[in-house]
Amino acid sequence: MYEHHIVNPATEEHLATVPDATPRDVDAAVARAAAAQRAWAALAPGDRARQLRRFAAAVDAHLEELALLEVAEAGHPIGNARWEAGNVRDLLDYAAGGAERLNGAQIPVAGGLNVTFHEPLGVVAVIAPWNFPLPIAGWGLAPALAAGNAVLLKPAETTPLTALRLAELALAAGLPEGLFQVLPGAGPVVGGALVEHPGVAKVVFTGSTAVGKQIMASCAERVKRVTLELGGKSPNIVFADADVEAAAAAAPGSFLDNTGQDCCARSRILVQRTVYDRFMELLEPAVKAFAVGDPTDPATRMGPLISAAHRERVRSYVPESAPAAIRGEAPAGKGFWYPATVLEGAPDDRVATEEIFGPIAVVIPFEDEADAVRIADATDYGLSGSIWTRDIGRALRVSRAVSAGNLSVNSHSSVRYWTPFGGFKQSGLGRELGPDALTAFTDTKNVFISTEEPK
Ligand code: NAD
């Protein structure tokens, strides 16, 4: 039997040994989920909503426990982990209301009545990454269940513990047996079995662009529905007319939060040349003040990287000994620590085009608005980005011009469960969250009923 040893990335302590699901487990889970889904979809929407609200209440009652589990297995600072657990609760509540409002349309036609229905898809596979194990599980889970589907969740190899606990809470809250199951294990084996399974109607994948492409190709075989949330290399554009102090004060959080293991990380900082030196002077103390260390300490803002292997990957881009414009501290001893690092570079440097997924940013000067947009779009990704300016016209022009799914002006905020989230270009396909989250887990059916009198 294969298994994964789950390790606390801040201490390297062994937390648990989790057995992998086998391909036979996947078959059995799909059969159980399909049976549960038929009964679930037949419930009145209000009954589904009530059960999901109970599940949300169970998450709320165990918020601290879930947050501490996320701290332990993913190394997230406790303040962030509390937000993440709360995000799952809020999304379950929000999606529950959606179950009651999944309305079709009545479209005027001659000779009858034409109505549309949003039919659930059946069994949905949610394949989650390790960087935000709890919220990203919730982003697929909550709307899929609310729309009348069953969910099989495949957590990342390194972070299955919050997912397993979430499934226990769902059962304890009264969700039907089999409706939501967690299948831990290796990506290509368990994830691959789910993607290829004829009983799985849709795959929601969050992870690297490379694996996302493979999954999309595999889904094409069966015209299986697929949502992809993939990598990013997002710009943080600071214009000379901005509040440069505010932009510099906020910049560290935009690429250091979650130790840079954030698909929305603003890891390319584009600064208008006339304020470049001033910005760098302000950025240095802000980066150095970003508190790194014990994730259980509420004052901590940056924890370790997820694993030794991932730290090696980050180091392959920038070894700790390489010259850097700004370098923060990292704890010595146990744990997969890596210091905050700021480089100065050019738009086509490897560190400025590839997703490193660590606490590294590259600062690049630009001349004018057109130059900023050109550099911002000079990657295959298009997930998020920030624009710092006091000129509302410029803010709107640049927001419309940049090819990315989630932009913020004078802010780095990207995620609200009631607004849509997703990528342009190779950052993804489809949208999660927001008002249309439920319909992404349905197929629209059109029914025409003749009102002609029989001849
Ligand atoms: P990954 O692609 O290695 O793995 C993601 C998940 O897919 C894991 O559960 C893994 O086990 C599984 N998997 C791996 N190979 C598979 C296969 N052949 N078939 C089926 N499943 C397979 O990604 P990761 O390293 O866990 O996560 C980091 C990546 O996720 C980054 O690129 C990041 O940008 C991206 N991400 C994107 C978003 C977004 O919303 N756009 C959010 C978070 C993370």
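- Looking at Pro184 and Leu164, their side chains come closer than 4.5 Å, going by heavy atoms from C-beta outward.
- If you take NZ on Lys288 and CG on Leu283, they are separated by 10.5 Å, rounding to the nearest 0.5 Å.
- For the 3.5 Å distance criterion, the side chains of Arg313 and Ser307 fail to qualify, holding no donor opposite an acceptor.
- Rounding to the nearest 0.5 Å gives a distance of 8.5 Å between CZ of Phe255 and CE of Met302.
- Between the side chain of Glu157 and the backbone N or O of Gly187 there is at least one donor-acceptor pair closer than 3.5 Å.
- Checking each of Leu194, Ile127, Val204 against Ile215 for a side chain to side chain contact (heavy atoms under 4.5 Å, CB included) leaves exactly one that passes, namely Ile127.
- Atom CD of Glu168 has more than 12 neighbouring heavy atoms from other residues, nucleotides or ligands inside a 6.0 Å radius.
- You'll find the side chain of Val71 stays beyond 4.5 Å of the side chain of Pro77, heavy atoms only.
- Under the side-chain contact (heavy atoms from CB on, under 4.5 Å) criterion, Arg53 pairs with Ala49, Asp93, Ala96, Glu100, sequence neighbours left out.
- Annotation: side chain of Val351 is not in contact with side chain of Ile360 (no heavy-atom distance under 4.5 Å).
- Here the straight-line distance linking atom OG of Ser218 with atom NZ of Lys213 works out to 16.0 Å at 0.5 Å rounding.
- Of the charged side-chain nitrogens involved, at least one lies within less than 4.0 Å of a carboxylate oxygen, so that Arg165 and Glu65 count as a salt-bridged pair.
- A donor atom on one side chain and an acceptor atom on the other are found under 3.5 Å apart for Thr162 and Glu73.
- Here the side chain of Ser403 pairs no donor or acceptor atom with the backbone of Gly382 at under 3.5 angstrom.
- Taking the six-membered ring where the residue is Trp, Phe357 and His310 present perpendicular rings, their angle passing 60° and hence far from 30°.
- Checking side-chain atoms of Ser254 against main-chain N and O of His412 turns up no donor-acceptor pair under 3.5 Å.
- One side chain, His197 or Asp27, offers a donor N or O that lies under 3.5 Å from an acceptor on the other.
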Before giving the answer on side-chain contact (heavy atoms from CB on, under 4.5 Å), spell out for His5 and Thr17 the whole-Å C-alpha distance, their side-chain angles and the decisive distance to 0.1 Å.
-> CA-CA 5 Å; His5 297 283; Thr17 300; 3.2 Å; yes
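- Between Pro235 and Ser384 the shortest heavy-atom distance is CD-O, 3.4 Å.
- The two residues Ser411 and Ser413 come nearest to each other via the heavy atoms OG-N, 2.9 Å.
- Figure legend: cation-pi geometry between Lys202 and Phe441, with NZ or CZ positioned under 6.0 Å from the six-membered ring centre and within 45° of its axis.
- Applying the 6.0 Å contact sphere to CD of Glu245 captures more than 12 heavy atoms from other residues, nucleotides or ligands.
- Not one N or O on the side chain of Asp377 forms a donor-acceptor pair closer than 3.5 Å with the backbone of Val402.
- Remark: the His118 side chain and the Thr439 side chain contain no N/O donor-acceptor pair separated by less than 3.5 Å.
- For the atom pair Asn236 CG and Ser267 OG, the distance stands at 10.0 Å (nearest 0.5 Å).
- Here the two rings, on Trp139 and Phe132, have centers that are 6.0 Å apart or farther.
- Note that Arg350 lies in the cation-pi zone of Tyr317, set by a 6.0 Å cut-off to the ring centre and a 45° limit from the axis.
- Between Ala16 and Leu161, the closest heavy-atom pair is CB-CD2, 4.0 Å.
- Smallest separation of non-hydrogen atoms from Leu438 and Leu102: CB-CD1, 3.9 Å.
- Lys233 and Glu355 are not joined by a salt bridge, as no carboxylate oxygen comes within less than 4.0 angstrom of a charged side-chain nitrogen.
- With contacts defined as side-chain heavy-atom distances shorter than 4.5 Å, the pair Pro176/Gln51 qualifies.
- A pairwise comparison of heavy atoms in Pro339 and Glu320 identifies CD-CG, 3.7 Å as the closest pair.
- In this structure, the side chains of Phe180 and Leu153 come closer than 4.5 Å at one or more pairs of heavy atoms.
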side-chain contact (heavy atoms from CB on, under 4.5 Å) between Val151 and Leu145: does it pass, once the steps are laid out?
-> CA-CA 7 Å; Val151 172; Leu145 291 179; 4.0 Å; yes
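- Contact detail for Gly212 and Leu230: the closest heavy-atom pair is CA-CD2, 3.8 Å.
- With rounding to the nearest 0.5 Å, the separation of CZ in Arg54 from CG in Leu169 is 15.0 Å.
- Side-chain contact between Val314 and Leu305 is present, with at least one heavy-atom pair separated by less than 4.5 Å.
- Between His76 and Trp83, the distance separating the two ring centers is not shorter than 6.0 angstrom.
- Side chain of Asp297 to main chain of Asp294: no donor-acceptor pair is present (N/O by atom type, distance under 3.5 Å, no hydrogens or angles).
- The structure places CG of Leu166 at 7.0 Å from CG of Leu92, a figure rounded to the nearest 0.5 Å.
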List the steps and the verdict of side-chain contact (heavy atoms from CB on, under 4.5 Å) for Thr227 and Glu432.
-> CA-CA 8 Å; Thr227 295; Glu432 293 191 283; 4.2 Å; yes
Does the pair Asp25 and Val190 meet the rule for a side-chain contact (heavy atoms from CB on, under 4.5 Å), with working shown?
-> CA-CA 9 Å; Asp25 294 335; Val190 181; over 6 Å; no
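- Between Arg50 and Asp47 there is a salt bridge, since at least one side-chain N of the basic residue sits less than 4.0 Å from a carboxylate O of the acidic one.
- Remark: side-chain polar atoms of Thr11 are paired, donor with acceptor, to backbone N or O of Glu13 under 3.5 angstrom.
- Of the N and O atoms on the side chains of Ser234 and Arg266, not one donor lies less than 3.5 Å from an acceptor on the other residue.
- In this structure, the ring of Phe279 has its center no less than 6.0 angstrom from the ring center of Trp388.
- Between Phe421 and Leu383, some side-chain heavy-atom pair lies under the 4.5 Å cut-off.
- Residues Val195 and Val200 form no side-chain contact, since every pair of their non-hydrogen atoms from C-beta on lies 4.5 Å or further apart.
- Salt bridge Arg89/Asp60: present, at least one basic N to carboxylate O contact under 4.0 Å.
- Applying the 6.0 Å contact sphere to CE of Met216 captures no more than 12 heavy atoms from other residues, nucleotides or ligands.
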Test salt bridge (charged side-chain N to carboxylate O under 4.0 Å, His left out) on Arg82 and Glu64 and set out the steps.
-> CA-CA 7 Å; Arg82 286 186 181 125; Glu64 191 65 8; 2.8 Å; yes
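- A distance-only check finds no donor-acceptor pair linking the side chain of Asn149 to the backbone of Pro120 [under 3.5 Å].
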